[in-house]
There are 2 protein chains.
Amino acid sequence: MLTNASKYAIRAVLHLTKKMDEATKMSGKEIGSDLDIPEAFIAKILQKLVKANIISSHKGPKGGFYMSKENLNNNINDIIWAVEGRDIFEGCFMGLPVCSDENPCPVHHIVAPFKEKLYMKFNDLTIKDFADEIKDNGTHLTIKGINVKI
Amino acid sequence: MLTNASKYAIRAVLHLTKKMDEATKMSGKEIGSDLDIPEAFIAKILQKLVKANIISSHKGPKGGFYMSKENLNNNINDIIWAVEGRDIFEGCFMGLPVCSDENPCPVHHIVAPFKEKLYMKFNDLTIKDFADEIKDNGTHLTIKGINVKI
DNA sequence: AATATAAAAGACTTATTTATCCTTTATATC
DNA sequence: GATATAAAGGATAAATAAGTCTTTTATATT
Ligand code: FES
Ligand code: FES
């Protein structure tokens, strides 16, 4: 459903936002290594995000990426849109040219509520809200340093 | 989540199964045109499905693809496995290396129940069951010839 | 036996996604 | 002003997915 690029982007932005209070700026290198994302690849993605005003950046020593006050008001769908250039939630799970309640495919009744739930979460919460929720719930953006149970 | 190839495969098998009573065999050409799938591409996919014993085929005039009694006992996950060679339901929606209740990503609580529902449907119903359900519910495998409402 | 039909097989092209590398530009610090 | 640091920009490579084309093989019909 999401490409690697947008998964990386979402995790990077939320990670940046979580870290915000501690260290103001993070280098692309640091973000990549924190989240186990190839550094050169996440660098390209971060570039896009800056252009789309999803995150902010500053060059040179002590520079890096950071979240401005305004950046925090965006939502996850804005990130996806910036990276993909399209809405990933439209379209039928089974490949029909339209997805609608009136002309449902055999799994529409399962897929549609899921898509709606996720779409709402990705639209209604700001990045700031989302990052706060992550802190409160203790959910993960990486499993680095975590004693993983499966 | 699914590739085009497996979406095509699933729709093709269910379409074949639905048509079973009427015309015993269908050509790849017919399947492609019925479902709006590039003919050369669906031909390749059908070839794979025959090899994997998901569907059956017969060469020559009056030949084509069809569902044997045994073929009907497979399920959707078998189709996906035959085409993709892997389980598409494992893996975290946000790209974490594991998906588990113990180490959830921020959307795991939304994604996990959805994946489970779909996985069960794709595992517990045989192709025959699934096709019957489609007939009963009037859900679509194509929108060809349908007066589409969005 | 000749012919026509339809799948099987294999090689190939195109498009998209993922990823890497190298150069340039901005800027803080010495 | 020289130097080191970090993002920006651009080109290119590698991998995967999507799709096409041509030839071969099996088989029913005449
Ligand atoms: S019609 Fe297939 S998911 Fe909605
Ligand atoms: S941990 Fe991300 S979907 Fe389960």
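Per chain, numbering begins at 1; letters A, B, ... match sequence-line order.
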Engineer: Do B/Lys25 and B/Tyr66 meet the cation-pi criteria used here (NZ or CZ under 6.0 Å from the six-membered ring centre, within 45° of the axis)?
Structural biologist: yes
Engineer: Of the residues in residues 66-91 of chain B, which ones touch DNA chain D at a heavy-atom distance under 4.0 Å?
Structural biologist: B/Arg86
Engineer: What are the two closest non-hydrogen atoms of B/Leu96 and A/Arg11, and how far apart are they?
Structural biologist: CD2-NH1, 3.6 Å
Engineer: So which of residues 3-13 of chain A are in contact with DNA chain C, with a heavy-atom cut-off of under 4.0 Å?
Structural biologist: A/Thr3, A/Asn4, A/Ala5, A/Tyr8
Engineer: Would you give the length of the straight line joining atom OG of B/Ser68 to atom CG of B/Asn53, rounded to the nearest 0.5 angstrom?
Structural biologist: 8.0 Å
Engineer: In residues 56-65 of chain A, which residues come under 4.0 Å of DNA chain D by heavy atom?
Structural biologist: A/Ser57, A/His58, A/Lys59, A/Gly60, A/Pro61, A/Gly63, A/Gly64, A/Phe65
Engineer: Just grab all the ring pair (Phe, Tyr, Trp, His ring centres under 6.0 Å) pairs involving residues 29-55 of chain A, residues at least two apart or on different chains.
Structural biologist: A/Tyr8-A/Phe41
Engineer: The criterion is salt bridge (charged side-chain N to carboxylate O under 4.0 Å, His left out); which residues satisfy it with B/Asp129, sequence neighbours excluded?
Structural biologist: none
Engineer: Restricting to salt bridge (charged side-chain N to carboxylate O under 4.0 Å, His left out), what partner residues turn up for B/Asp132, sequence neighbours left out?
Structural biologist: B/Lys128
Engineer: Pairs of donor and acceptor atoms involving the side chains of residues 117-124 of chain A, under 3.5 Å and at least two apart or interchain, shall be tabulated with distances.
Structural biologist:
residue: A/Tyr119; atom: OH; partner: A/Asn123; partner atom: ND2; Å: 3.0
residue: A/Lys121; atom: NZ; partner: A/Glu133; partner atom: OE1; Å: 3.4
residue: A/Lys121; atom: NZ; partner: A/Glu133; partner atom: OE2; Å: 2.7
residue: A/Asn123; atom: OD1; partner: A/Asn75; partner atom: ND2; Å: 3.3
residue: A/Asn123; atom: OD1; partner: A/Asn77; partner atom: ND2; Å: 3.2

Engineer: B/Lys29 or A/Leu2: which one's nearest nucleotide on DNA chain C is closer to the 5' end?
Structural biologist: B/Lys29
Engineer: Can you give each donor-acceptor pair under 3.5 Å made by side-chain atoms of residues 32-40 of chain B, sequence neighbours left out, with the distance rounded to 0.1 Å?
Structural biologist:
residue: B/Asp34; atom: OD2; partner: B/His15; partner atom: NE2; Å: 2.8

Engineer: Show me the side-chain donor-acceptor pairs of residues 56-64 of chain A shorter than 3.5 Å, one per line, residues at least two apart or across chains.
Structural biologist:
residue: A/Ser56; atom: OG; partner: A/Asn71; partner atom: OD1; Å: 2.5

Engineer: Say you draw a straight line from NE2 of A/His140 to CD of B/Glu102; how long is it, rounded to the nearest 0.5 Å?
Structural biologist: 10.0 Å
Engineer: If you take any heavy atom closer than 4.0 Å to DNA chain D, which residues from residues 37-52 of chain A end up in contact?
Structural biologist: A/Lys44, A/Gln47, A/Val50, A/Lys51
Engineer: Partners of A/Thr139 by side chain to side chain contact (heavy atoms under 4.5 Å, CB included), sequence neighbours excluded?
Structural biologist: A/Ile134, A/Asn137, B/Pro104, B/Pro106
Engineer: Would you compute the distance between atom CG of B/Leu2 and atom CD1 of B/Ile80 and round it to the nearest 0.5 angstrom?
Structural biologist: 5.0 Å
Engineer: What is the distance from atom CD1 of A/Ile79 to atom CD1 of A/Ile45, rounded to the nearest 0.5 Å?
Structural biologist: 11.5 Å
Engineer: If you draw a 6.0 Å radius around NZ in A/Lys144, do more than 12 non-hydrogen atoms from other residues or ligands fall strictly inside?
Structural biologist: yes
Engineer: Is the closest side-chain heavy-atom distance between A/Val13 and A/Ile55 below 4.5 Å?
Structural biologist: yes
Engineer: Heavy atoms of chain B, cut-off under 4.0 Å: which first and last nucleotide of DNA chain C, 5' to 3', fall inside that, if you could look?
Structural biologist: C/dA4 to C/dG10
